[in-house]
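Reading through the structure tokens given below for one structure.
Starting from 1, each residue takes its place in the sequence as its number. Remember, it's a predicted structure, so these values are computed and weren't measured experimentally.
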Amino acid sequence: MFTGIITDLGTVAAVEPAGQGTDMRLVIGTGWDTSGIAIGASVACSGCCLTVVARSPGRLEFQASRETLSLTTLGRWAAGTRVNLERALCMGDELGGHLVSGHVDGLGETISAVPEGASTRWRFRPPAALARFIAPKGSIAVDGVSLTVNEVDADGFGVNIIPHTAAVTAFGLLKPGDAVNLEIDLLARYVARQLEAR
């Protein structure tokens with residue numbers, strides 16, 4: 001589990017085929033001290049939970065399956081892509097954002113970015129199947145970043161990004177037309193499931 005509070009902005013160093021199949025090996029540079037990160041640890045990479053398969057000073061390596069590559073933005077990554085990184089929660093850690101599983105629900109489309117005071121109002125268009133789970137003042141993870149939804153309409157939803165968030169995440173590089181990984185709020189998913197069962 002994660003909280004959607006990004007603690008490092010990593011950079012893809014290499015994207016390589018893995019074995020005989022269609023999996024990919026992702027090498028990501030990080031500012032973390034990697035000596036304390038265990039092989040097998042979970043790391044959220046722009047919202048997608050991946051397992052550390054190798055590490056070296058300043059670098060972590062992951063293997064992504066064909067399924068992951070096809071359903072997330074990871075299949076579009078190349079050397080130089082910036083990646084929002086978050087380590088998994090430990091018992092007793094501060095829950096600064098909201099509970100995030102690292103299981104991407106779908107790809108959203110970036111619609112616009114409009115300055116609003118010192119912040120920027122970003123709008124995203126989710127897949128139709130996810131739209132009903134997104135509510136004003138609810139939580140959503142966009143590329144792994146925990147955000148509060150400002151408004152929802154037929155075309156999508158809006159969030160505000162403060163300068164600090166833009167500086168320490170890949171939001172500072174995002175532009176209209178870009179795809180983003182979306183994870184809806186866990187509570188919204190389970191409430192909807194219970195209502196469907198009635």
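Every residue meeting the side-chain hydrogen bond (donor to acceptor under 3.5 Å, both in side chains) condition with Ser35, not counting sequence neighbours, appears here in chain and number order: Asp33. In this structure, the salt bridge (charged side-chain N to carboxylate O under 4.0 Å, His left out) partners of Asp105, at least two apart in sequence or on a different chain, are Arg189. Remark: Phe171 pairs with Trp122 by the ring-ring contact (aromatic ring centres under 6.0 Å, His included) rule, at least two apart or across chains.
The side-chain heavy atoms of Leu60 and Ile37, taken from C-beta on, include a pair separated by under 4.5 Å. Counting only heavy atoms from C-beta outward, the side chains of Asn150 and Asn160 approach each other to under 4.5 Å. Contact check for Ile28 versus Thr81: no side-chain heavy atoms found under the 4.5 Å cut-off.
Atom CZ of Arg59 is surrounded by 12 or fewer heavy atoms from other residues, nucleotides or ligands within 6.0 Å.
Shortest non-hydrogen contact noted between Ser46 and Arg82 is OG-O, 4.4 Å. Closest heavy-atom contact between Ile140 and Ile184: CG1-CA, 4.5 Å. Between Trp32 and Thr30, the closest heavy-atom pair is N-OG1, 3.0 Å. The shortest heavy-atom contact between Ala170 and Leu9 is N-CD1, 3.6 Å.
A donor-acceptor pair under 3.5 Å links the side-chain atoms of Glu86 to the main chain of Gly4, judged by distance alone. For the pair Glu183 (side chain) and Val100 (backbone), a donor-acceptor distance under 3.5 Å is absent.
Here Asp153 pairs with Arg123 in a salt bridge; the nearest charged N to carboxylate O distance falls below 4.0 Å.
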Between Thr73 and Asn181, is the side chain to side chain donor-acceptor pair (under 3.5 Å) condition met? List the steps. CA-CA 6 Å; Thr73 62; Asn181 294 320; 3.0 Å; yes

Would you please test Arg55 and Ile39 for side-chain contact (heavy atoms from CB on, under 4.5 Å) and show each step? CA-CA 7 Å; Arg55 60 176 167 80; Ile39 303 300; 4.0 Å; yes

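Taking hydrophobic clusters as Ile, Leu, Val, Met, Phe, Trp and Tyr residues chained together by side-chain heavy-atom distances below 4.5 Å, Phe2 does not share a cluster with Val52.
Of the inter-residue distances, the one linking Ser65 atom OG with Leu74 atom CG reads 9.5 Å to the nearest 0.5 angstrom.
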